[in-house]
Amino acid sequence: MNATLADILEQSKRLRINATLLKGQSLAALYPDPESRQCGDIDLYISRPDQRRRLIDALGIKSYQNHADGSTTFSYRGSMVELHPHLLDIHSRRAIKRLHLLKPVAVTMETELPGIGTVTIPAPETMLLTLSAHAFKHAIGRGIGLRQLCDIALVSKRLASEVDRAEMDRIFRAAGLERWNRMLYSFLTLRLGLPVESVPTAEEFQPNERLAVRLERIIARGGNFGQHGSGLISRKGVVFTALSFVRGIGFALSIAPREATACFFSLVKGRLGMRG
C-alpha cells in the first residue's frame, strides 16, 4: 500500500494537484509499531472535482464509484482508494462557519513517512477534530469499530503535547461535539487505558462510567464486531445506513443534534443528487 500511495502522490505532484493523506497510513505512523495497524484503503483529500477527475484519468482508472457524500472510490494496483471532497468531516453549515473562524482548523502540514516520502497530512488539531467527527458519524450510522477508537486513543496520546488544549476546547464546542467528546474519551480512558492527561482538553477531565457503558453498547452492536445480525439489506447500502441513522436518532439528538441532523440530510441530499 505504501508503494501504491507513493505512486499516486507522484502522479498528483506531476499534475500539480494538492492531495492530503487521511486516516490509514498517516495514523499507522503514530503507532509504536506501524505494521500493527492494518490499513483498509488509501484515503486522500482533494478539494476540486476537476482535479479528482484528472488524477483518476492519469492513473488509467476505467471503473470507479461515486458516493452520496461526494467521495469517489476505485481499485488501483490491488488497493482500494477513496478520494474525499472535504478535509473536515463536519456537515453542519453553522459549525463549519464557526470552525473556519478558528486559526488551527482545516490546516495541513508536511511530514516524512517511511517507505512513502514527503506527504501532506492534517495538522494535529485538524486530525483530532476529523477523527472525533468521523467516529461520531459511524456511531450514529453504520457502526463504529475498535480500530477507529484505538486510532483516536493513540493519536491523542502522541499529540497531547503538540496542541493548544484551550483551542481544542473551542474547536469541539464550535463543531457541536463537546458532549460526544465527553462520551468518547470516557470510553477511551476507562476501557482502552488512555491516560487522562492525554485527553485534549484544557479543563481537568473526569471520565464518566455511565457514558462509557452507553458507547460500549453501541460499539458491541455495530462496527467490526459483527453483532449487527444478518438480513437481506447490505451493510454497505444506503438503506442500511439510513435505517441505522433512524435507529440511533435518540442517541444522536441527545449527543450532537446539529451535526446528527445535518449528517442525515447530507446523506439524503447526496443520494438524491446522484439519482438526478
Side-chain angles (χ1 to χ4, degrees), residues 18-24 26-27 43-49 52 67-72 82-109 120-145 148-149 151-152 155-156 159 163-185 200-201 215 218 238 241-242 244-245 248-249 251-271 273:
N18 296 321
T20 300
L21 177 63
L22 305 176
K23 301 183 283 184
S26 63
L27 300 178
D43 293 274
L44 294 169
Y45 159 62
I46 299 176
S47 61
R48 290 169 45 183
R52 296 196 293 274
H67 301 277
D69 62 357
S71 64
T72 301
E82 185 165 5
L83 305 181
H84 299 269
H86 306 291
L87 178 61
L88 300 178
D89 203 358
I90 299 291
H91 295 79
S92 167
R93 291 185 179 180
R94 182 179 178 185
I96 292 172
K97 288 180 180 179
R98 288 182 173 181
L99 286 167
H100 280 292
L101 295 176
L102 302 175
K103 185 177 179 180
V105 179
V107 174
T108 60
M109 57 182 283
T120 302
I121 64 171
E125 291 87 354
T126 306
M127 184 176 289
L128 286 168
L129 171 61
T130 54
L131 286 173
S132 176
H134 191 69
F136 175 70
K137 185 170 72 173
H138 273 265
I140 65 175
R142 294 173 293 174
I144 184 171
Q148 290 176 278
L149 297 163
D151 284 344
I152 300 172
V155 169
S156 297
L159 300 182
V163 298
D164 183 324
R165 293 168 183 255
E167 192 67 38
M168 286 308 307
D169 284 342
R170 289 190 285 271
I171 288 172
F172 285 122
R173 281 197 299 270
L177 296 174
E178 64 271 26
R179 278 180 285 180
W180 160 248
N181 258 30
R182 284 198 293 271
M183 173 178 285
L184 174 64
Y185 281 100
T201 178
L215 181 54
I218 293 172
V238 68
T241 303
S244 298
F245 272 108
I249 193 68
F251 163 76
L253 294 179
S254 68
I255 297 297
R258 288 202 310 269
E259 181 59 22
T261 303
C263 187
F264 178 77
F265 280 107
S266 176
L267 172 69
V268 173
K269 181 180 178 181
R271 192 63 185 180

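Only this structure's heavy atoms are used, side chains among them; waters, hydrogens and symmetry mates stay out.
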Can you name the side-chain contact (heavy atoms from CB on, under 4.5 Å) partners of Ile96, sequence neighbours left out? Ile90, His100
With a 4.5 Å limit on heavy-atom distance, are the side chains of Phe136 and Asn181 in contact? no
For Arg179, give me all partners under salt bridge (charged side-chain N to carboxylate O under 4.0 Å, His left out), at least two apart in sequence or on another chain. none
Between Pro124 and Met109, is any pair of side-chain heavy atoms under 4.5 Å apart? yes
Determine the minimum heavy-atom distance between Ser26 and Leu21, stating which atoms define it. N-CD2, 3.7 Å
Answer whether the closest heavy-atom distance between the side chains of Ile140 and Ile255 falls below 4.5 Å. no
Residue pair Trp180 / Ala139: nearest heavy atoms and the distance that separates them: CH2-CB, 3.8 Å
So, do Val155 and Leu27 sit near enough that their side-chain heavy atoms are less than 4.5 Å apart? yes
For Gln148 against His138, the heavy-atom pair lying closest together: NE2-CD2, 3.4 Å
Min side-chain heavy-atom separation Ile121-Met127 under 4.5 Å: yes
Do Leu129 and Leu99 have side chains that get closer than 4.5 Å, going by heavy atoms? yes
So, do Leu22 and Thr130 sit near enough that their side-chain heavy atoms are less than 4.5 Å apart? no
With side chains defined as the heavy atoms from C-beta onward, is the minimum distance between Ser71 and Pro85 less than 4.5 Å? yes
Smallest heavy-atom separation, Met183 atom then Phe251 atom, equals SD-CE1, 3.5 Å
Tell me the closest heavy-atom pair linking Glu125 and Asp164, and the distance in Å. OE2-N, 3.9 Å
